[in-house]
Each structure stands twice: as C-alpha cells, then as structure tokens.
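Written below as structure tokens is the structure these notes are about.
In what follows, chains are A, B, ... by sequence order, proteins preceding strands, each numbered from 1. Note: hydrogens, waters and symmetry copies are ignored here, and every other heavy atom, side chains too, is used.
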Amino acid sequence: MKSRYDFKEIEAKWRMQWEKNPINKEDDKKPRFYCLDMFPYPSGTGLHVGHWRGYVLSDVVSRHMVLKGYQVLHPMGWDAFGLPAENFAIKHNIHPRIATADNVANVKRQLHEISAIYDWDREVNTTDPEYYKWTQWIFVQMFKKGLAYEKEMPLNWCPSCKCVLANEEATNGVCERCGTVVTKKNLRQWMLKITAYADRLLEDLQLLDWPDKVKKMQSDWIGKSYGAEVEFKVKDSDKVITVYTTRPDTLYGATFMVLSPEYKDLAALTTPEYKEAMEKYCFEASTKSSVDRVTNKEKTGVFTGSYGINPLNGELVPIWVSDYVLADYGTGAIMCVPAHDERDFEFAKKFNLPIRQVILPEGTEEKELEEAYTGDGIIINSGEWNGMKAFDAKQMAPDYLEKRGLGKKTINYKLRDWVFSRQRYWGEPIPIVHCPHCGAVAVPEEQLPVMLPEVESYKPTDTGESPLAQIHEWVNTSCPQCGGPAKRETNTMPQWAGSSWYFLRYVDNHNDKELASKEALRKWAPVDLYVGGIEHAVLHLLYARFYTKFLYDIGVVEFTEPFKRLFNQGMITKNGAKMSKSVGNVVSPDELVENYGCDSLRMYELFVGPPELDSDWDDSGIDGVFRFLNKVWKFVMNYKDIELADTKELEYTRNKMIYDITNRLEALTMNTVVSGFMEYTNKLTEIAKKENGLNRVTLEALIVLLAPFTPHIAEELWQEMGHTDSVFTAGWPVCDESKLKTDTIDIAVQVNGRVRGNITISADAQKEEVIAQAKELAASKIEGQTIVKEIYVPGRIVNFVVK
RNA sequence: GCGGACAUGGCGGAACUGGCAGACGCGCCAGACUCAAAAUCUGGUUAUGGUGACAUAGUGUGGGUUCGAUUCCCACUGUCCGCACCA
C-alpha cells in the first residue's frame, strides 16, 4: 500500500497510459457530444492561470460526458494570424511563421500540463495554407453571391496599427487592440454584407442557450428600429430631403431639420450667403475624430439658408447642418422635434429655434418646457391627430403617411457592413485579381490557396497600402478571365476570418476536397457547448454566426447556428488587474503544477469562485485543495479493504453525494461541486470513523465522481481498488432517489418567525403530532401569551404567531 | 446620459421554487506530536453581553409586502460591465 500521495509519479504514469490508450475513442454506437474551447492565439507570453480556467471547465464537461457513455469531440487549435507575431517580426526581422511556430510549440507544451482529452490529430492552425485555402474559398463564395464587395468610404483608421478597423473593433472610437483613438480615412476596402443577415442574426438569438447578457449585446449591436421615412420638399428647389424617424407621431412638432456635414446635396442646398461658413464647418467636422465628435457635448451647427416644407401642415422649417447627425445611419438627415427629443431640444435652445409641444402628459396643462418630454401622452397641436394617444399615433403614422404618398414605413439597423480588408502582412491574402478589363475577378477555386508570399519588409505603411504591394513579381499576374495583365489584391483578411469557421474544420481537418465532409459535419456539428471569454460577444461570436448562416444558404452545412450552448467564463485577475506581461502580474501555471500537481491546480481553478464571474487569483487557496486530495488519498487507503454493510446513513449520504455533485456539475456551478466534494468527504470520514469501516460501493462512487475533475488521482485510486481498466470505463454513478427519503426529518420551530429550536420527527408524522411536539419545545417561549396562528410547512418549519 | 448585473464574517464564497444565514475553503487562535520548526491531527473562529447554557443585533442604506425576506417590491448609495448623439 502506498501511504503517500505522490502526485508527480501518479500524473506522469497516467499521462503515459492515456497516450497509449486514450479514454475517449470514437465509437458510432455511442451518442456524440461536441465540446469546444475558443482556440487561443499562441502568444509569446504563454498561458497563465486564467487560460486554464476555461480549458479545465470544458475538459471536466468532456470527461463527464465520456463517463456518461458519449463519444466526445474536444479539439484544440491555433488562431495564429494577427498583429503580435507581425510586430515581433518587424522588431526582430524574424518571419512571423517562425515566431508563431515557436509560440505554438511552447503553448502546446503548457496545454499538455492540463491533461485535457484533446485529440491532437484534429489540431487546426489558421496560418496553415491547407487551412486558409478554405478561408479563401469561403470568401470566393461570398464574392460570387455579391456579399463581398469593394467600396471607397471614410473608415476607422488606427494610426498605431496602421490599419483599418471594423466597427466592432472600434467601439467608443478607440482601437480594440491597442486603445489608440481611431481617426477616419477615406480608402477603398473590401466589405462583407453582414447587414443582409441582420434580421436572421437577430431573430435566431432566441434559439440559443446563451447568457442573456451576450444575446442582449448582440441584439443591441444589430440595433433594429421601426419607424418611417418622411419626405420634405425644399422651398424654391426641386430637391427633396428624406428623413428617417422612429417618432412619426411627433411630425407636427418638427420645427427645423438637420443634415449631416457629409450630406450629398449639401452644396446645392446652401445659399451663397452661408456658403463660406458651411465649407469651414464641414471641413472641421471631417478632420475631427469620432471621439471628438462625441465628447464635444456642446452642439454646433450652421444654417444652410434653405427651408424645408413640413408635409403635414405645409410649414416652412429651416434646414441646418450639424455633426450630431450621422452620415451613415438612416438617410443622413433628420427632422427635429425639440419638444420631444433631448438632442433637438439642446440644439433649438442654442440657436434659438422654435419649440412646439405636440404631446401632453396625461392630466397636465400645456406650459413652456424646461426640458424635452420623451414620454407618452395625448397628441395636441397636430390637426386631425389631436386627442390620440401618442403610442397609438406612433403605430398609425407610418401607414397614414404611406397612404398619402408622404413617406413610408421603414426599418433601420445600427449594424454596418463588415470592413474586411487589412493593410498588414500576416493574414490570409484576399483571393482576388484586379483586371483593367474585367474588374475584380475571383481566383479560380482550383488555384487556391493564394499563398502568402515572402516579403523583405513586414512594415505597414502610412498610406493604407499593404506590405504585399511591394512584391511586384507576386502582385503582377494575369487575369483568370481574359488572360491579360492584371494585379493581385494586396490587402489581407482580418484576424476574425479564420476563426469564423474553424469549429467546422475540426470535424474533418485533413479533408483536401472540401471544407469538411457532409458526413463528418452531420456527425459532430454544431457545437454542443462552447466555452470562452465574454470579450468576443459582438466580434467573433457575431461573425461566426454570420458565416454559419451563409454556409447554410449555399448548402455546405445543414444548421443555421454554430454554438447551441455558450458559457462565458470570468476573467482571472491578479491584484484586481487583468494579467499582462507589461503590468508584470502574470501567474504562470507551470510552477503551481510543479509544486502541487495538475489535479490540485485543476480543482483549484474551479474552486476560486463562480466560473462565470471574475475572480482574483490567490495562490494560498490551492493549499486547501491539495490538503483535500491528500485526505482523499488517505481515506481510500484506510478503508478500501474494510467492507461494511450499508447503513441507512451511509446509503443516504452516498446517494445524496451523487445527486448533488451531478446536478451541480451539469449546472456548471463548479465551485460548489468542489465544496460538495469536501463536504461529503468530511461526512463519509465521520461515518467511517463511527462505524469503523466503509464499503467499496461508496469509495468507488467517490472516485468516479472525482474522475472528471482530478483524473490522475482517480485512475490511481481506481487501480488501488483492484481494477485493471480505466476509471473512465466505469460509467457515471447513478443516484437511487428512493434512498434520499429518510425516516426522520428535522423541523425548525419558530416563535414569531424567530428560530427557537429543532425537533426530530418521523417523516410521515401527521400535522397534529408535529405541532404538539413543537409546542412542547417552544413552551417556555410561548408561556403567558396566546397563540394567534400556527403555520406548518411540511418537512420544513413550524411557526407560532403569539401575542 | 441610457441599459444591465452585483453588494453576505478578516478573505474567497454557500444558501434549490420566500422557511434554521455564514456550508466549504483560506487566514487566524488554542491544544496534541516535536529538543525545536515544518508537515500532520484535534478544537475554536459574525458582532455585542455573560464563566455558562443563553440573550440581543446582523446579508450596502432607508422603507414596504409577509406568520416569516440574503431571496419579492420601491427609493437611495456604491462597484463592475455594455452602448455612446443610431433621430
């Protein structure tokens, strides 16, 4: 008998065993389960204890499913294109491929320390030409369907990364990667028409078992709104200004209009008198960053000199220009109802424009407004609409306008098309050839992949041109369509391209005929459980949903959503800060594994706190888990050869343990699973001491329950119990619920809601009997007072209300 | 500014549909073992009062509903997150 828990020896031994004989073999007689982690970027810093958290959780689930008799797909790979490797390459003049390969090797070594059941035959790497061939293939399909198109427009430009950014990468007007304030730059770029999927991306959210928070973030990002487009004729002009409004019910209250500085007809609408001021204002607006446009709270603007005509009452309304109106939302022009919109109110006050109230809060009198009133009420000052409820008027107005030819019902989205090209080296080349005769032509599918060429300098330029543009022998090619001289597209794809579909490749990663075979996809996809951080809520997770829907439309996959269930694990911080090399607070798992072992660290990762919340790392807590595993070791060693008949108490405790651990594991409340293990081990130890023994069925149940969490020690103890096969063939213990009913129960006795003691009674005792006993117990507290009411909640509580 | 989440001992955190608050762990205190220390084991550990059984208060603050509230409702304070002039 081994008296000491020698984790080093045990863990090395079982890692070798599993390598020889994996516990998770494919077997189509079994049901299947696809459990996926968001694949890592192989950074030079390597993994820290925060990465472990998600990987351990998904591995616990995977191993649990194996024990439940499933065949499990639990793969791992590398999201390896991207800026850090490229920046490293620029600094040290080492090809990003080499730096990436080094990092992959190191992170892979660290991943082995987790002892997850990854199937490394299924490894994918987004920078592998055999992989990005299919990333390019998907782009070509989108191009053929008109979903990938070129457009020149002002775009988010990060002056530090020297690269354009998608809207999703520039929230708050700041670069998502480096925090630099984003400016605007007018560039020709490739776009993906994700807006064509806006409605489906919104509607299908309801099919998903995802955290509400993520669903809300996506639906807010898509930003669907219902309203109307209304046409305003311009006085003494043939121009018409169409505005978009979600409040057509307030149309009678429109007292002026505002155009964005980029509005297309602006020059024609500006009278000579205001021309100079207008040009100055528009020039200034164009040089402001989007952050300045927002943070400069004070409203600014210039009058055009023109007037629009309110289509309902024929009133003349002055037309102004202001940068608070966005060029790329709605029509770039708005009608202003200062009485009922805060921004319009502010503008009207600043420039002394009229304010007319058209909604009166119910039960009040019309009086001068101190601020915009945006609530519901009764329509006034609005011709034949007077007396209606604003809410009803809002519903009715679009149809009303449409019938009279004054406007139409409209739906708008905040979601914009996805800016898909980047002016950087380390990414997938966009498989397009520009021909002076044929225009943009897709590279024929049989010529894919378009390989990323060697280049002398990886340095990005300030001009918005990719480093690839310098390689003339690569750039100059012939047109696949007419054979004439042509030039290759020199931009590359954003990092999100490879990660938007990688979960499909795992199911059939060696396939060189198609992205993945129908059979393999049918077998494994979509993903049953997806585990990763919340930071991708509107980036990767939105893009992957879009790709999946597109691939569904062209018949590649047979499902419309990639991830059935999503779990967002919280971040692990150190001293309250996100772990980073520059802050110097990175806690590496390597040393902890060395000192405590993989099993202890796995269990402690789950014990630090609720897995969906952020937790601050504290090394000292791992001692508790380590002590626990030592206790389990001794406990099993002490009692494995002493067979005791089941007592009622033991039977109950064992079944309750199985019941609690299983439920908590399936709810993914892993911190309570760990505390549950400690609690039940304490209880069983007490029983064993009292009875002077235990039994096999109880010890084995404990060992199997532990197996997904601490697989090495579980295998070793399983062997100590005399088994020759793996603990993962044992099957998940089943709780006999009939044993959860006990003969006696404890009932708390309260007087006026305050607990005064406990009574232990027979489980099938009648109400009268319970109350009689409770009364006896509480006699001294009731004495001298009268019982007004007796409350009896069977199995829980008796409460006497006394006066 | 708008929207959302959260608030429990010295610390991390438990508490299923309203029913014995503080499980479990860390830390701390005391004891055992030891020449000594570490490790290990045993006991204690919300606060106040009492030698004591016990009593009283107590889940951010103030109110409400209820026989009974950490849990439900209202207001406030604080922390975190998302969006950021989307008409």
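- A ring-ring contact (aromatic ring centres under 6.0 Å, His included) check over residues 242-266 of chain A, counting only residues at least two apart or in different chains, returns the pairs Tyr252(A)-Trp385(A), Phe256(A)-Phe347(A).
- When the P atom is compared between C83(B) and G12(B), the two are found 28 Å apart, to the nearest whole Å.
- Atom CG in Asp212(A) sits about 18 Å away from atom P in G3(B), given to the nearest Å.
- Across the protein-nucleic acid pair, Ile534(A) atom CD1 and C80(B) atom C1' stand 12 Å apart, rounded to whole Å.
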So which protein N/O to nucleotides 23-30 of chain B N/O distances come out below 3.5 Å?
{"unit_1": "A23(B)", "atom_1": "O2'", "unit_2": "Glu679(A)", "atom_2": "OE2", "d": "3.3"}
{"unit_1": "C26(B)", "atom_1": "OP1", "unit_2": "Arg627(A)", "atom_2": "NH1", "d": "2.5"}
{"unit_1": "C26(B)", "atom_1": "O2'", "unit_2": "Ser620(A)", "atom_2": "OG", "d": "3.1"}

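- Note that CG of Asn585(A) is 6.5 Å distant from CG of Asn575(A), once rounded to the nearest 0.5 Å.
- Below the 3.5 angstrom threshold, one finds no donor paired with an acceptor across the side chain of Lys213(A) and the base of C81(B).
- Arg796(A) meets the side-chain contact (heavy atoms from CB on, under 4.5 Å) test with Val793(A); sequence neighbours excluded.
- Nucleotides C20(B) and C67(B) place their C1' atoms 16 Å apart, quoted to the nearest Å.
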Report task. For RNA chain B, produce a single dot-bracket line, 5' to 3'. Pairs: Watson-Crick or G-U wobble, both distances under 3.5 Å. Symbols: ( ) within strand, [ ] crossing, | other strand, . unpaired. Result -> (((((((..(((......[....)))((((((.......))))))((((....))))..(((((..]....))))))))))))....

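- As a whole-Å value, the separation of Ile319(A) CD1 from A87(B) P is 21 Å.
- Between the CG atom of Asp614(A) and the P atom of G13(B) there is a distance of 10 Å, rounded to whole Å.
- Following rounding to the nearest Å, Asn638(A) (CG) and U40(B) (C1') show an atom-to-atom distance of 14 Å.
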Under-3.5 Å N/O pairs linking protein and nucleotides 66-71 of chain B:
{"unit_1": "C67(B)", "atom_1": "O2'", "unit_2": "Asn799(A)", "atom_2": "ND2", "d": "3.4"}
{"unit_1": "C67(B)", "atom_1": "O2", "unit_2": "Asn799(A)", "atom_2": "ND2", "d": "2.4"}

Query raised in the report: Glu168(A) and Tyr543(A): side chain to side chain donor-acceptor pair (under 3.5 Å), yes or no, with the steps?
Result: CA-CA 10 Å; Glu168(A) 291 80 7; Tyr543(A) 297 150; 2.9 Å; yes

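- Asp623(A) pairs by the side-chain hydrogen bond (donor to acceptor under 3.5 Å, both in side chains) definition with Tyr596(A), not counting sequence neighbours.
- Residues meeting the ring-ring contact (aromatic ring centres under 6.0 Å, His included) test with Tyr680(A), sequence neighbours left out: none.
- Here the P atom of nucleotide C16(B) and the CG atom of Leu740(A) are 18 Å apart, to the nearest Å.
- Qualifying side-chain hydrogen bond (donor to acceptor under 3.5 Å, both in side chains) partners for Asp220(A), counting only residues two or more places apart in sequence or in other chains: Lys216(A).
- Ranking G19(B), A87(B), C83(B) by closeness to the Arg796(A) side chain, first place goes to G19(B).
- Against the 90° criterion about 0, the sugar-base torsion of G22(B) places it in the anti range.
- Spacing between G27(B) and G18(B) at atom P, rounded to whole Å, works out to 37 Å.
- Where Gly609(A) and Trp221(A) meet RNA chain B, the nucleotide closest to each residue was compared, and Gly609(A) sits on the side nearer the 5' end.
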N/O contacts under 3.5 Å, protein versus nucleotides 53-56 of chain B?
{"unit_1": "A55(B)", "atom_1": "OP1", "unit_2": "Lys781(A)", "atom_2": "NZ", "d": "3.0"}
{"unit_1": "U56(B)", "atom_1": "OP2", "unit_2": "Arg756(A)", "atom_2": "NH1", "d": "3.4"}

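- With sequence neighbours excluded, the residues satisfying side-chain contact (heavy atoms from CB on, under 4.5 Å) with Glu315(A) are Asn310(A), Asn313(A), Arg356(A).
- Using a cutoff of 4.0 Å between basic side-chain nitrogens and carboxylate oxygens, Glu594(A) and Lys8(A) are scored as salt-bridged.
- Using cut-offs of 30° and 60° on the angle between ring planes, the pair Phe7(A) and Tyr5(A) is tilted.
- Using a 4.0 Å cut-off, some side-chain N or O of Tyr329(A) falls inside it from OP1 or OP2 of A87(B).
- Nucleic acid contact for Lys578(A): none, since no nucleic acid atom lies under 4.0 Å from a heavy atom of the residue.
- Legend: ring-ring contact (aromatic ring centres under 6.0 Å, His included) pairs involving residues 781-803 of chain A, not counting sequence neighbours: none detected.
- With respect to the salt-bridge test (charged N to carboxylate O, under 4.0 angstrom), the residues Lys690(A) and Glu649(A) qualify.
- Panel note: side chain His340(A), backbone Val358(A); a donor-acceptor pair is recorded below 3.5 Å.
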Quick one: side chains of residues 746-755 of chain A, donor-acceptor pairs under 3.5 Å with protein atoms, not counting sequence neighbours, listed by atom name and distance.
{"unit_1": "Asp746(A)", "atom_1": "OD1", "unit_2": "Thr760(A)", "atom_2": "OG1", "d": "2.9"}
{"unit_1": "Asn752(A)", "atom_1": "OD1", "unit_2": "Val802(A)", "atom_2": "N", "d": "2.9"}

